[in-house]
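All values below were derived from every heavy atom in this structure, side-chain atoms included, with hydrogens, water molecules and symmetry-related copies excluded.
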Amino acid sequence: MRFLKEYLIISVILILVFVIDNRTNYNLVSSVEWMRNGILSVENKMKEENQSEAKSEFYGLEEKWKEEVEKLALFVEHNELEKISGDIILIESNFDTGDTDELFQNIADLKFMLEHIEEKNQLKWKNLF
């Protein structure tokens, strides 16, 4: 009977861990997805040489990111969030200086970091060990 209680407690804990992980992963994936879609839209507008629309859309993304980063900080490493925020600042400075080559490079770096944190925070065997 004692072992039954222990197995029940272990099962409840494991289920709780998986439920919490599923919820945090959903929040992370949705945040990364809207940011990725937004940055792709900015990139496409820059390729179409529509810089004013790209700039205004980017500043909207930046404001929304500031709100989202507070929620993500609960379960994503702060160092990675700081790298993304740093990439955002670099892109903003590229808009100000008009350096489109650096802008596209910094957008590529931002997309890489977004994919990296999404993959790193998924519950997979390779991430556990």
request  = Please state whether the rings of Phe112 and His116 are parallel, tilted or perpendicular, taking 30° and 60° as the class boundaries.
outcome  = parallel

Note: with side-chain heavy atoms under 4.5 Å as the link, the other cluster members for Leu16 come out as Ile20

| said: Please give the remaining members of the hydrophobic cluster of Val19, linking ILVMFWY side chains under 4.5 Å, ordered by chain and number. | reply: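 Ile15, which link up through side-chain heavy atoms under 4.5 Å apart, make up the rest of the cluster.
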
Listed by chain and number, what are the side-chain hydrogen bond (donor to acceptor under 3.5 Å, both in side chains) partners of [X], not counting sequence neighbours?
X	value
Asp109	Gln105
Asn50	Glu53
Ser41	Glu57
Glu77	Lys120

| query | Donor-acceptor pair, Asn106 side chain versus Glu102 backbone, under 3.5 Å? | reply |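 Here the side-chain-to-backbone pair exists.
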
For residues 58-71, pull every pair meeting salt bridge (Lys or Arg N to Asp or Glu O under 4.0 Å), keeping only residues two or more places apart or in separate chains.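 Applying salt bridge (Lys or Arg N to Asp or Glu O under 4.0 Å) to every pair that reaches into residues 58-71, excluding sequence neighbours, yields Glu63-Lys66, Glu68-Lys71.
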
Could you list all the salt bridge (Lys or Arg N to Asp or Glu O under 4.0 Å) pairs where at least one residue sits in residues 88-100, not counting sequence neighbours?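 Non-adjacent pairs meeting salt bridge (Lys or Arg N to Asp or Glu O under 4.0 Å): Lys55-Asp96.
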
Starting from the C-alpha separation in whole Å, work towards a yes-or-no answer on side chain to side chain contact (heavy atoms under 4.5 Å, CB included) for Leu28 and Leu72.
-> CA-CA 7 Å; Leu28 176 68; Leu72 294 176; 4.0 Å; yes

Notebook entry, point to check: Leu114 and Val32: which non-hydrogen atoms are nearest, and at how many Å?
Noted result: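 Scanning both residues, the minimum pair turns out to be O-CG1, 3.7 Å.
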
inquiry  = For Ala54 versus Lys45, what's the shortest heavy-atom pair and its separation?
reply    =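 In terms of heavy atoms, the two residues are closest at CB-CB, 3.8 Å.
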
Under 4.5 Å between side-chain heavy atoms, hopping through other hydrophobics if needed: is there a path connecting [X] to [Y]?
X	Y	answer
Tyr26	Val76	no
Met35	Leu74	yes
Leu90	Leu110	no

In short, ring pair (Phe, Tyr, Trp, His ring centres under 6.0 Å) pairs touching residues 31-83 with sequence neighbours left out are Phe58-Phe95

Distance check, rounded to the nearest 0.5 Å: [X] atom [atom1] versus [Y] atom [atom2]?
X	Y	atom1	atom2	answer
Glu82	Met113	CD	CE	10.5 Å
Asn37	Leu61	CG	CG	9.5 Å
Ile13	Leu8	CD1	CG	10.0 Å
Ile89	Ser93	CD1	OG	9.0 Å

What residues, two or more places apart in sequence or in another chain, satisfy side-chain contact (heavy atoms from CB on, under 4.5 Å) together with Leu40?
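Applying side-chain contact (heavy atoms from CB on, under 4.5 Å) to Leu40 gives Arg36, Glu43, Lys111.
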
Under the side chain to side chain contact (heavy atoms under 4.5 Å, CB included) criterion, do Ile39 and Ile91 qualify, and how do the steps go? CA-CA 10 Å; Ile39 208 70; Ile91 292 170; 4.3 Å; yes

